[in-house]
K.L.:
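Quick one: the structure is below, questions incoming.
As the structure is a prediction and not an experimental result, all values here were calculated from the model. Proteins get letters first, then strands, A, B, ... in listed order; numbering begins at 1 in each.
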Amino acid sequence: MRTITGIPEGWPEDEAAALAVQDALRGRVVRDETGPAPGTGTVTGIDVAYDDERGVVAAAAVVLDAATLDVVEEATAVGRVAFPYVPGLLAFREIPAVLGALEALDAAPGLVVCDGYGLAHPRRFGLASHLGVLTGLPTVGVAKKPFVFAHGEVGPERGAAAALLDGADEVGRALRTRAGVKPVYVSVGHRVTLDNACAHVLALTPQFRIPETTRRADRLCRDALLDVTAGWRPGT
DNA sequence: GCGACAG
DNA sequence: ATCTTGTCGC
């Protein structure tokens, strides 16, 4: 199913307003729940594609069976871009469309796997945490590139990891999902433990570096964007 | 002050 | 994120 989403009422218009929202919501992140067990129930991948030229955004949510990684359900949402890209404020750009796709699902999402960071964020409230707090769902962030926290060497074998430390607090982990291939960066979003988040990511990467959830969502949102973009007339 | 900077 | 040719490798 594909829906059309608007920008929520009161959505921040500028950076100052966005920072205030992060300040107001960051205390609502729940870190003392283990979260769903890997390999059971469903896991949902989220991703977003843009056509900045036209100000159009497309989001996808793909629900997988956690045990088989088969697709259970897919949903997309298209709309207008709600915020410019600003490092540290990615959530304000992605979340409106993502909410539209999630709301279009009939299946229970289970753990939501986001493209980006959760707690390993300059103000400890990245996209995954923000989405988790707004939806109440357990979320995890899986980023492809380092952001604010450095880490030590990661062993060459699959499953090896290095901590992302904010002082003594481990806010994320660089995790090798394929031997000899660059690691991904896992961080807790909401209502999940870092250990459990990493176990999920390993269960979602039997073959490729990137979790099957986000690979599927990536393809789907790109296709959705092309559908909207095809035959576009200059004017709207 | 100067760069770096998830997607 | 997106743009975008060739090139190396399974």
K.L.:
Heavy-atom count check: over 12 atoms from other residues, nucleotides or ligands less than 6.0 Å from A:Glu33 CD?
P.N.:
yes

K.L.:
Figure out the CG/P separation between A:Asp223 and C:dT2, and round it to whole Å.
P.N.:
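Whole-Å distance recorded here is 12 Å.
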
K.L.:
When you measure from the side-chain N and O atoms of A:Tyr50 to the phosphate of B:dG7, is any distance below 4.0 Å, counting only OP1 and OP2?
P.N.:
no

K.L.:
Between A:Ile210 (CD1) and B:dA6 (C1'), how many Å, whole number?
P.N.:
12 Å

K.L.:
Between C:dA1 and A:Tyr85, is there a base-stacking contact, meaning the centre of the base's six-membered ring lies under 5.5 Å from the residue's ring centre while the planes stay under 30° apart?
P.N.:
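Not stacked by the 5.5 Å and 30° rule.
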
K.L.:
Heavy atoms under 4.0 Å, any strand shown: does A:Asp47 hit a base, just sugar-phosphate, or nothing?
P.N.:
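Since only primed, P, OP1 and OP2 atoms lie under 4.0 Å of A:Asp47, the category is sugar-phosphate.
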
K.L.:
Once you apply a heavy-atom cut-off of 4.0 Å, does A:Ala120 come out as touching a base, just sugar-phosphate, or nothing?
P.N.:
nothing

K.L.:
Quick one: label A:Gly141 by what it contacts on the DNA or RNA (base, sugar-phosphate, nothing), any heavy atom closer than 4.0 Å.
P.N.:
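No contact.
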
K.L.:
Could A:Asp169 and A:Arg124 be called an ion pair, given the rule that one side-chain N must be under 4.0 Å from one carboxylate O?
P.N.:
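Salt bridge: yes.
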
K.L.:
Quick one: the dot-bracket string of DNA chain B, using Watson-Crick and G-U wobble pairs with both distances under 3.5 Å, [ ] for crossing pairs and | for bases paired to another strand.
P.N.:
.......

K.L.:
Checking A:Thr34 against A:Asn196: is there a side-chain donor and acceptor pair closer than 3.5 Å?
P.N.:
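The criterion, which ignores hydrogens and geometry beyond distance, is not satisfied for A:Thr34 and A:Asn196.
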
K.L.:
Passes side chain to side chain donor-acceptor pair (under 3.5 Å), A:Arg209 versus A:Thr177? Steps please.
P.N.:
CA-CA 5 Å; A:Arg209 176 172 92 113; A:Thr177 55; 5.9 Å; no

K.L.:
Rounding to a whole Å, what distance do you find between A:Arg215:CZ and B:dG7:P?
P.N.:
16 Å

K.L.:
Take atom NZ of A:Lys145 and atom C1' of B:dG7, then tell me their distance rounded to the nearest Å.
P.N.:
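Going from NZ in A:Lys145 over to C1' in B:dG7 covers 8 Å.
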
K.L.:
Thinking salt bridges, do A:Arg2 and A:Asp227 make one under a 4.0 Å N-O criterion?
P.N.:
yes

K.L.:
Tell me whether A:Tyr117 and B:dA6 count as stacked here, given that the ring centres must be under 5.5 Å apart and the planes must differ by less than 30 degrees.
P.N.:
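It does not: the ring fails the test against the base of B:dA6.
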
K.L.:
With sugar-phosphate meaning primed atoms plus P, OP1 and OP2, does A:Leu89 contact a base, only sugar-phosphate, or nothing at under 4.0 Å between heavy atoms?
P.N.:
base

K.L.:
Take atom CZ of A:Phe125 and atom C1' of B:dA6, then tell me their distance rounded to the nearest Å.
P.N.:
15 Å

K.L.:
Under 4.0 Å from OP1 or OP2 of B:dG7: is there any side-chain N or O of A:Lys144 that close?
P.N.:
yes

K.L.:
Touch check for A:Pro122, heavy atoms < 4.0 angstrom, all strands: base, sugar-phosphate only, or nothing?
P.N.:
nothing

K.L.:
Calculate the interatomic distance between A:Arg93 atom CZ and B:dC5 atom P; express it in whole Å.
P.N.:
18 Å

K.L.:
Hydrophobic clusters here meaning ILVMFWY residues chained together by side-chain heavy-atom distances under 4.5 Å, can you tell me if A:Leu131 and A:Val86 are in one?
P.N.:
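Linked, A:Leu131 and A:Val86 end up in one cluster.
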
K.L.:
Rounding to a whole Å, what distance do you find between A:Arg222:CZ and C:dC3:P?
P.N.:
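The distance from CZ of A:Arg222 to P of C:dC3 comes to 8 Å, rounded to the nearest Å.
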
K.L.:
Using whole Å, what does the distance between atom C1' of nucleotide C:dT2 and atom CZ of A:Arg54 come to?
P.N.:
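Roughly 13 Å, once rounded to whole Å.
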
K.L.:
Can you confirm if the NZ or CZ of A:Arg173 lies within 45° of the ring axis of A:Tyr185 and under 6.0 Å from the centre of its six-membered ring?
P.N.:
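No, cation not above the ring by the 6.0 Å, 45° rule.
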
